[in-house]
Amino acid sequence: MATDRAAAQAPRSLDMIIVGAGFAGLYMLHKARRMGLDARVLEAGSGAGGTWYWNRYPGARCDIESMQYSYQFDEALEQEWHWSEKYAAQPELLEYVEHVIQRFGLAEAIQYDTRVEAAHFDETANRWRVRASTGEEFSARYCVMATGCLSSANVPHFENKELFQGPIYHTGQWPHEGVDFTGLRVGVIGTGSSAIQAIPIIAEQAAELTVFQRTPAFTVPARNRPLTDEEEAAIKADYPSLRARAKQQILAFDIQFNERRGSEVGAEEIRAECERRWEMGALNWYGAFADLLTDPHTNEIVSDWVRGRIAEIVKDPATAQLLTPKTIFGCKRICADTGYYETFNRANVTLVDVSEKPIEEFTARGLVVDGREYAFDAIVSATGFDAMTGSLNRIDIRGRAGQPLREKWAAGPRTYLGLQAAGFPNLFMISGPGSPSVLTCMMTSIEQHVEFIADVVEHLGSNGLVSIEPTVVAEDQWVEHVNEVAGGTLLNGCNSWYLGANVPGKPRVFMPYVGFPAYAEKCRQIVAAGYEGFALRAA
Ligand code: N01
């Protein structure tokens, strides 16, 4: 809390406050400084990297190719950086972050160990007043929330959790010194992307591993491997082409996209394509058929094919059956693994179904399911995140007339373009709800948002304007449009975190926008029409 000294000081005046030192915050900072703005990043962690700073669990790795999951705003940076693997592991991503900070001289404008607790709009001064956990106060014309989509850990309530005598680790808040599970009895709760990456590695160390599964996820082989010099050189020889192709894809990363629809070809041809995608690995599956996520029939054939692979790999039929998803393939984000299903053939690994009979309580020794106590030395909570809105709602954000953002979003997030909310002038969200964000390569979406915000600031400055915010009408129409687009897909058909369905009590609203190219084009048209749907105010 505030020290007396800090509280007594006048708020530090800046042009722009940026909350968060992940990839979004760092690029925003770089861009703002290039524009001559006095900008500062406030970061809760003791280091930069956002997602990659917090998620240090064993096996943490990107599921988008490293050559694409990287900044494209600076050609020299693109050319000089070398990725060692097809899919970068968390430590290498942090090395990249540090390189970027050094290369662009960003360090002096980043303040660590500083969690933003409140941001209030002062209508008289037309400025944002920001209070941090250090007790410091800041004031700025612009406030940019670069707080990340998957940054607020979902820590479910379990009865008597405090009784457990061993450590409980959340994958999204992993100890920096690492955890050695050698010889231990370990329980893992959850079977989403994080668990699926961590489980094979924990299983190799632990004496016994018990996995508590509520819903089986679809996971496919990642097919990670070292990146060859030839591959790297070929991409670097024509990086702009790769980037341009990526921006034409719904997911904003370049995969071999099959223009054909499953509905146009026979089931045999669908299965043949599945064979190909299984070998290609990871998120290439999203490109299997143009109607994979719109036609239930195509999706069911693909789903069944993948289910068949699980039955082949997992030797115990009962375990294989439990691991088999009944849901729509790709409705939740497809997971990419290395040896996940094979791990359940190990003698030291057990799968426990908690779909019908949830975890009842924790005890001093472990936890109880269906009346049976499972004893552990350590428990891993791979229970995901309060996605997209969680990191914004935990800050006390208040706009015009003191309206809290949390209150405005009580029935679900409302934004225009996922960039701004009506009633919150000059407050921007990078990859906010209502933008493509988590359905795309985040790096591409982040750059598009940062550049949009930078253009807005430039526009205001050169036209003698002081503020921008969406109109309520534009916001309402956008929320409706986001829902309409999602409604044309199968993405509403399961209990995903895209819908907020993983957090008890969270409103069920589809949050991301489906389709990067259409979104980026919409942004261009809005700017060309003089920031249509936004209210711009002169002093
Ligand atoms: O989280 P999740 P995650 N009792 O929400 C279960 C990105 N990511 O951290 O499905 C028992 O997917 C929950 O069960 P259910 C990626 O975008 C990327 O794994 O809700 N279980 C589920 O099994 C990903 O989608 C990478 O029924 C409980 C699990 O916990 C996103 O982050 C790597 C429970 C949570 O899965 C989130 O992934 C990692 C309870 N009370 C993450 N509460 C890569 O780039 C929750 N669960 C590869």
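Just so it is clear, the values below take in all heavy atoms, side chains as well, and ignore hydrogens, waters and symmetry mates. Just so you know, ligand 1 is whichever comes first in the structure, and atom 1 is the first atom listed for that ligand. Predicted, not measured: the structure shown is a model, and the values here were computed from it.
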Option set Arg61, Arg214, Gln197, Gln90, criterion heavy-atom distance to atom 14 (O) of ligand 1, minimum: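 The option holding the nearest heavy atom is Arg214.
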Run the contact test for [X] against ligand 1 with a 4.0 Å cut-off on heavy atoms, strictly below, and give the result.
X	value
Ala382	yes
Phe158	yes
Tyr57	yes
Ala336	no
Ile189	yes
His157	no
Phe212	no

Face-on cation placement of Arg346 at Phe344 ring, 6.0 Å and 45° thresholds: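 Ring-cation test returns no.
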Trace of the ring pair (Phe, Tyr, Trp, His ring centres under 6.0 Å) decision for Trp83 with Tyr96: CA-CA 9 Å; Trp83 294 106; Tyr96 177 68; 4.9 Å; yes
Taking only heavy atoms of [X] into account, list the atoms of ligand 1 that are under 4.0 Å away from them.
X	value
Pro156	41 (N), 43 (N)
Leu150	7 (C), 17 (O), 31 (C), 32 (O)
Gly192	12 (O), 19 (O), 23 (O), 29 (C), 36 (O)
Gly190	6 (C), 23 (O), 29 (C), 30 (O)
Gly384	1 (O), 3 (P), 5 (O), 9 (O), 35 (C)

Please check whether [X] reaches ligand 1 - meaning an N/O of the residue sits under 3.5 Å from an N/O of the ligand, judged on distance alone.
X	value
Lys332	yes
Trp52	no
Asn495	no
Asn154	no

Ring centroid separation Trp478 to Tyr513 under 6.0 Å: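 Aromatic pair counts; centres sit under 6.0 Å.
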Tyr27 and Glu451 side chains, donor-acceptor separation under 3.5 Å: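 Their side chains do contain a donor-acceptor pair, which is all the 3.5 Å distance test asks for.
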Ligand 1-proximal atoms of Cys62, by part, heavy-atom distance under 4.0 Å: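 The backbone, only.
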